[in-house]
Amino acid sequence: SKASTELRADLHECWAYECTIAGKIDQDVIDARHQAIALRKQLGDKVKVGMNQRWLSRLHWYMGSRAEADRYVDEAVKTLESLPPGPELAMAYSVRSQHHMLTNELEQADTWGNRAIELSQKFGVQDTLAHALNNVGTALIISGQDKGYDLLEQSLAISLQHGFHEHAARVYTNASECAMRNRDPARAARMLEEGVTFDRDHDWDSWTPYLIGILGQFRLNQGLMDEADAVVDEVLRGKNLPPVVRIPALTVKATTTML
């Protein structure tokens, strides 16, 4: 029946989401999203087909496959642009902006991010607005424009006000990395302290190890090699972490091992 098909799709999507936020990203989670897409196609629900394609993009990014991540976000945008504009299209635009930002393609990040901001404001979608402000703000900072921190603060305020914990965690991560890159140790220390506490308090297992790795890099920059080593050991003892999440901790461990 239609109801049972919809329930099966919901279960696949909910299970995949819970695994993702717990940092347990593997082929089973990817397969669950594909199952959900097949069921949503049976139901003729193109909006949720696009939503699942967008999630597949993020899953492949976590797994370290940029080509697959780009392919699925392109599919999500194509699916959703075939429909009247809506909140899911805004989020697909924002994820595309996010990927461009993460690879320093800053003009594209700004363009897609501002499209997401415009649509999210039109439809009153605060979580997507917070996500997009983060992408555009981070891209501005990377390009040398400190006004990007204002957008990050806006994103954080919206996220904390509405309980968008994942979006708040992203702000702490991006602001910390940008502050370190720009040699702004006071801002980096503040965002790292607030961020690690926030992530742990909210059990964000998919974000905490990455941010702790950045904290290790910060300690390394301070010349505190033993402390940096101890900080990242916590991450490297973790099992089944997605490859991308381990990168900051691995760079610290490689450096302390060579010195």
Side-chain angles (χ1 to χ4, degrees), residues 2-3 5-21 25 29-63 65-103 105-139 151 155 158-159 162 164-167 170 206:
K2 180 177 179 180
T5 302
E6 189 150 0
L7 177 60
R8 286 163 59 205
D10 285 341
L11 289 172
H12 281 300
E13 289 161 0
C14 291
W15 180 80
Y17 177 73
E18 293 300 326
C19 287
T20 301
I21 64 174
I25 299 168
V29 179
I30 290 172
D31 289 344
R33 287 290 177 186
H34 282 291
Q35 289 290 328
I37 287 173
L39 293 166
R40 293 299 181 189
K41 285 181 176 178
Q42 287 181 35
L43 293 164
D45 190 341
K46 291 183 73 173
V47 171
K48 289 193 175 177
V49 169
M51 178 269 288
N52 281 294
Q53 289 167 332
R54 185 249 302 168
W55 270 110
L56 277 173
S57 175
R58 292 303 299 146
L59 292 172
H60 282 290
W61 183 274
Y62 274 116
M63 296 296 286
S65 175
R66 182 185 175 184
E68 290 293 283
D70 286 347
R71 180 164 77 87
Y72 281 111
V73 80
D74 287 347
E75 286 188 11
V77 168
K78 184 178 179 180
T79 297
L80 295 165
E81 282 188 336
S82 72
L83 303 168
E88 274 299 340
L89 179 60
M91 193 62 187
Y93 284 166
S94 193
V95 169
R96 177 173 267 178
S97 170
Q98 180 182 17
H99 288 186
H100 285 305
M101 176 270 289
L102 289 168
T103 51
E105 296 163 347
L106 304 177
E107 287 187 16
Q108 297 97 316
D110 187 71
T111 297
W112 288 101
N114 278 300
R115 288 181 188 176
I117 289 169
E118 183 180 347
L119 267 185
S120 62
Q121 289 174 329
K122 178 179 179 180
F123 292 103
V125 191
Q126 293 296 306
D127 58 340
T128 303
L129 178 59
H131 190 273
L133 285 168
N134 188 331
N135 301 327
V136 174
T138 303
L151 300 189
S155 176
I158 292 168
S159 300
H162 293 281
F164 303 146
H165 297 157
E166 182 177 7
H167 298 322
R170 281 188 69 231
S206 59

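- Rounded to the nearest 0.5 angstrom, Met51 CE and Arg40 CZ are separated by 6.0 Å.
- The side-chain hydrogen bond (donor to acceptor under 3.5 Å, both in side chains) check on Gln35 picks up nothing, with sequence neighbours excluded.
- Residues passing the salt bridge (Lys or Arg N to Asp or Glu O under 4.0 Å) test with Arg33: none are found, sequence neighbours excluded.
- For Lys78, the side-chain contact (heavy atoms from CB on, under 4.5 Å) test picks out no residue, with sequence neighbours left out.
- Separating the CG atom in Leu59 from the CE atom in Met63 is a distance of 9.0 Å, to the nearest 0.5 Å.
- Heavy atoms only, all atoms of each residue included: Ser155 and Leu133 are closest at CB-CB, 4.0 Å.
- Here the straight-line distance linking atom CD of Gln98 with atom CE of Met91 works out to 7.0 Å at 0.5 Å rounding.
- Here the side chains of Asn134 and Leu151 are not in contact, with every heavy-atom distance at 4.5 Å or above.
- Of all the heavy atoms in Ala92 and Val73, the pair that sits closest is O-CG2, 3.8 Å.
- For Arg58 and Glu166, the salt-bridge test fails: no basic side-chain N is under 4.0 Å from an acidic carboxylate O.
- Closest non-hydrogen pair, Arg66 versus Thr103, comes out as NH1-CG2, 3.5 Å.
- Considering only residues two or more places apart in sequence or on other chains, Glu68 meets the side-chain contact (heavy atoms from CB on, under 4.5 Å) condition with His60, Ser65, Arg71, Tyr72.
- In terms of the salt bridge (Lys or Arg N to Asp or Glu O under 4.0 Å) criterion, residue partners of Asp74 (sequence neighbours excluded) are, by chain and number, Arg96.
- Here the shortest heavy-atom pairing between Ser57 and Val95 reads OG-CG1, 4.3 Å.
- Minimum interatomic distance between Ala130 and Ser159 (heavy atoms only, all atoms of both residues): CB-OG, 3.5 Å.
- Between Glu6 atom CD and Leu43 atom CG the span is 6.0 Å, to the nearest 0.5 Å.
- Residues Gly50 and Ala76 share a closest heavy-atom pair of O-CB, 3.5 Å.
- In this structure Ala139 satisfies the side-chain contact (heavy atoms from CB on, under 4.5 Å) test together with Met101, Leu106, Ala109, sequence neighbours excluded.
- Among residues at least two apart or in separate chains, side chain to side chain donor-acceptor pair (under 3.5 Å) pairs with a member in residues 108-123 are Asp110-Asn114.
- At least one side-chain heavy atom of Leu102 sits under 4.5 Å from a side-chain heavy atom of Trp61.
- With sequence neighbours left out, the salt bridge (Lys or Arg N to Asp or Glu O under 4.0 Å) criterion links Arg54 to Glu88.
- Ring planes of His162 and Phe164: parallel class, angle under 30° (limits at 30 and 60°).
- Residue Ile37 is tested with Val49, Asp45, Thr79 for a side chain to side chain contact (heavy atoms under 4.5 Å, CB included); the sole match is Val49.
- The CG atom of Leu7 sits 10.0 Å away from atom NE2 of His12, with the distance rounded to the nearest 0.5 Å.
- Among His100, Arg170, His99, the single residue meeting the side-chain hydrogen bond (donor to acceptor under 3.5 Å, both in side chains) criterion with Asn135 is Arg170.
- His34 NE2 to Asp31 CG: the interatomic distance, rounded to the nearest 0.5 Å, is 7.0 Å.
- Annotation: ring-ring contact (aromatic ring centres under 6.0 Å, His included) contacts of Tyr17 (sequence neighbours excluded): Trp55.
- With sequence neighbours left out, Ser97 forms a side-chain hydrogen bond (donor to acceptor under 3.5 Å, both in side chains) with no residue at all.
- Partners of Glu81 under the side-chain contact (heavy atoms from CB on, under 4.5 Å) rule, at least two apart in sequence or in another chain, are Val77, Leu89, Tyr93.
- In this view, Asp127 satisfies the salt bridge (Lys or Arg N to Asp or Glu O under 4.0 Å) rule with no residue, not counting sequence neighbours.
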